[in-house]
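Structure first, then comments.
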2 protein chains.
Amino acid sequence: MDDLDRQILDILRRDARTPYTEIADEIGTSEGTVRNRVERMMDDGVIERFTISTRTGNVQAMLEIGVAVDVDTNGVAERMAEWAEVDLVWMVSGEQDIVLVVDAADTRGVNDLITKARNQEEVVSTKTRLILEEQLG
Amino acid sequence: MDDLDRQILDILRRDARTPYTEIADEIGTSEGTVRNRVERMMDDGVIERFTISTRTGNVQAMLEIGVAVDVDTNGVAERMAEWAEVDLVWMVSGEQDIVLVVDAADTRGVNDLITKARNQEEVVSTKTRLILEEQLG
DNA sequence: TATGAAAGACTAACTAA
DNA sequence: TTAGTTAGTCTTTCATA
């Protein structure tokens, strides 16, 4: 992980479809070098995946969810990952155990999801934050 | 946004480099249809960007940050987005105002970042959660 | 939807450090 | 031995009909 790697990552984070030749020009090296480095970073797990970020609904939110102490948090998380509006599930430390990152049609959609979460028998608490704006690091 | 669109998004979320021809085969349509739909979804903002997910460090965390009431939260958020370990910045509703999603070398790196955040004059509170595991929705 | 042209990615052989 | 380069080939995308 040197500076060249970091430059490649920065470019790909902003547009993962940037051609290797264009990246190479921008950072002053050859297409082959960029390709080799991207491959190496994928092998090493530095690049986890090529993906898309989407916005299908109009309301983004974080749902922080606490589950009962005697429960298989992983199983609950897996189940919630299947819910249509859920983009991402994190298992976290702290007073809650699971964080859902969701993309709902509207605030009612968020509310329905909260209700759905609270209806799970393992869930003991929820806390919701609307995501008002997002910026890439 | 019909079911075909959703299937395309699902495939691209898992591997955004999947060729149109392969997506077409998988969902039973033509390459041109997939291409047109991807283009349309990009125009409509449903696909925000093609990107990569990375893991350069060993510790992922969420930092929830409260800023003083009279402060330009946006400006603070922009500044924090520049910090090396910060992958994502959200401005959120709730008791905190900003959430940083960070990827640090180790727990000490997280701690340094918390210190850095608390040293900003606009910051009045922080709360940290380690991200123990992540699942795609 | 089909097809040809253009662009991009990949293979492999080579060079340099 | 590892990283980088380059030329040739193959694949994917894109524009047109």
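This structure is a prediction, so every number in the text was calculated from the model and none was measured. All values below were derived from every heavy atom in this structure, side-chain atoms included, with hydrogens, water molecules and symmetry-related copies excluded.
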Distance from [X] atom [atom1] to [Y] atom [atom2], nearest 0.5 Å?
{"X": "A/I65", "Y": "A/M80", "atom1": "CD1", "atom2": "CE", "result": "4.0 Å"}
{"X": "B/N119", "Y": "B/I114", "atom1": "CG", "atom2": "CD1", "result": "12.0 Å"}
{"X": "A/K116", "Y": "A/L100", "atom1": "NZ", "atom2": "CG", "result": "10.5 Å"}
{"X": "A/T56", "Y": "B/L9", "atom1": "OG1", "atom2": "CG", "result": "7.5 Å"}
{"X": "A/I131", "Y": "B/W90", "atom1": "CD1", "atom2": "CH2", "result": "4.0 Å"}

message = By the 4.0 Å heavy-atom rule, please label B/G32 as base, sugar-phosphate, or nothing.
response =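 It contacts nothing in the nucleic acid.
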
request  = Name the nucleic acid region contacted by A/T29, choosing base, sugar-phosphate or nothing; use a 4.0 angstrom heavy-atom cut-off, strictly under.
outcome  =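 Sugar-phosphate contact only.
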
From [options], nucleotide with atom closest to [X] side chain:
{"X": "B/R35", "options": "D/dA15, D/dT12, D/dT6", "result": "D/dA15"}
{"X": "B/T21", "options": "D/dT6, D/dT12, C/dG8", "result": "D/dT12"}
{"X": "B/P19", "options": "D/dT5, C/dG8, D/dT13", "result": "D/dT13"}

Could you state the atom-to-atom distance from [atom1] of [X] to [atom2] of [N] in whole Å?
{"X": "A/L4", "N": "D/dA3", "atom1": "CG", "atom2": "P", "answer": "13 Å"}
{"X": "B/Y20", "N": "D/dT12", "atom1": "OH", "atom2": "P", "answer": "13 Å"}
{"X": "A/E31", "N": "D/dT5", "atom1": "CD", "atom2": "C1'", "answer": "10 Å"}
{"X": "A/I23", "N": "C/dC10", "atom1": "CD1", "atom2": "P", "answer": "12 Å"}
{"X": "A/L12", "N": "C/dA9", "atom1": "CG", "atom2": "C1'", "answer": "14 Å"}

DNA chain D-proximal residues of residues 36-44 of chain A, any heavy atom under 4.0 Å =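 Contacts with DNA chain D under 4.0 Å: A/N36, A/R37.
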
Pair B/R14, A/T51: side-chain N/O donor-acceptor within cut-off below 3.5 Å =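 Not at all, the side chains of B/R14 and A/T51 share no donor-acceptor pair under 3.5 Å.
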
ask   = How about B/S93 and A/R129: does a side-chain donor come under 3.5 Å of a side-chain acceptor?
value =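 No, no side-chain donor-acceptor pair sits under 3.5 Å.
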
key: Aromatic B/Y20 / basic B/R35 pairing, under 6.0 angstrom, 45° off normal   =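 That pair does not qualify as a cation-pi contact.
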
task = Please round to 10 degrees the angle between the axis of the first five pairs and the axis of the last five pairs in the helix from C/dT1-D/dA17 to C/dA17-D/dT1.
result =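 The end-segment axes of the helix from C/dT1-D/dA17 to C/dA17-D/dT1 are tilted 20° relative to each other.
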
key: Option from A/L113, A/D103, A/V101, A/L63 for which side chain to side chain contact (heavy atoms under 4.5 Å, CB included) with A/V86 holds   =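 So, applying the side chain to side chain contact (heavy atoms under 4.5 Å, CB included) to A/V86 and each of A/L113, A/D103, A/V101, A/L63, only A/L113 qualifies.
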
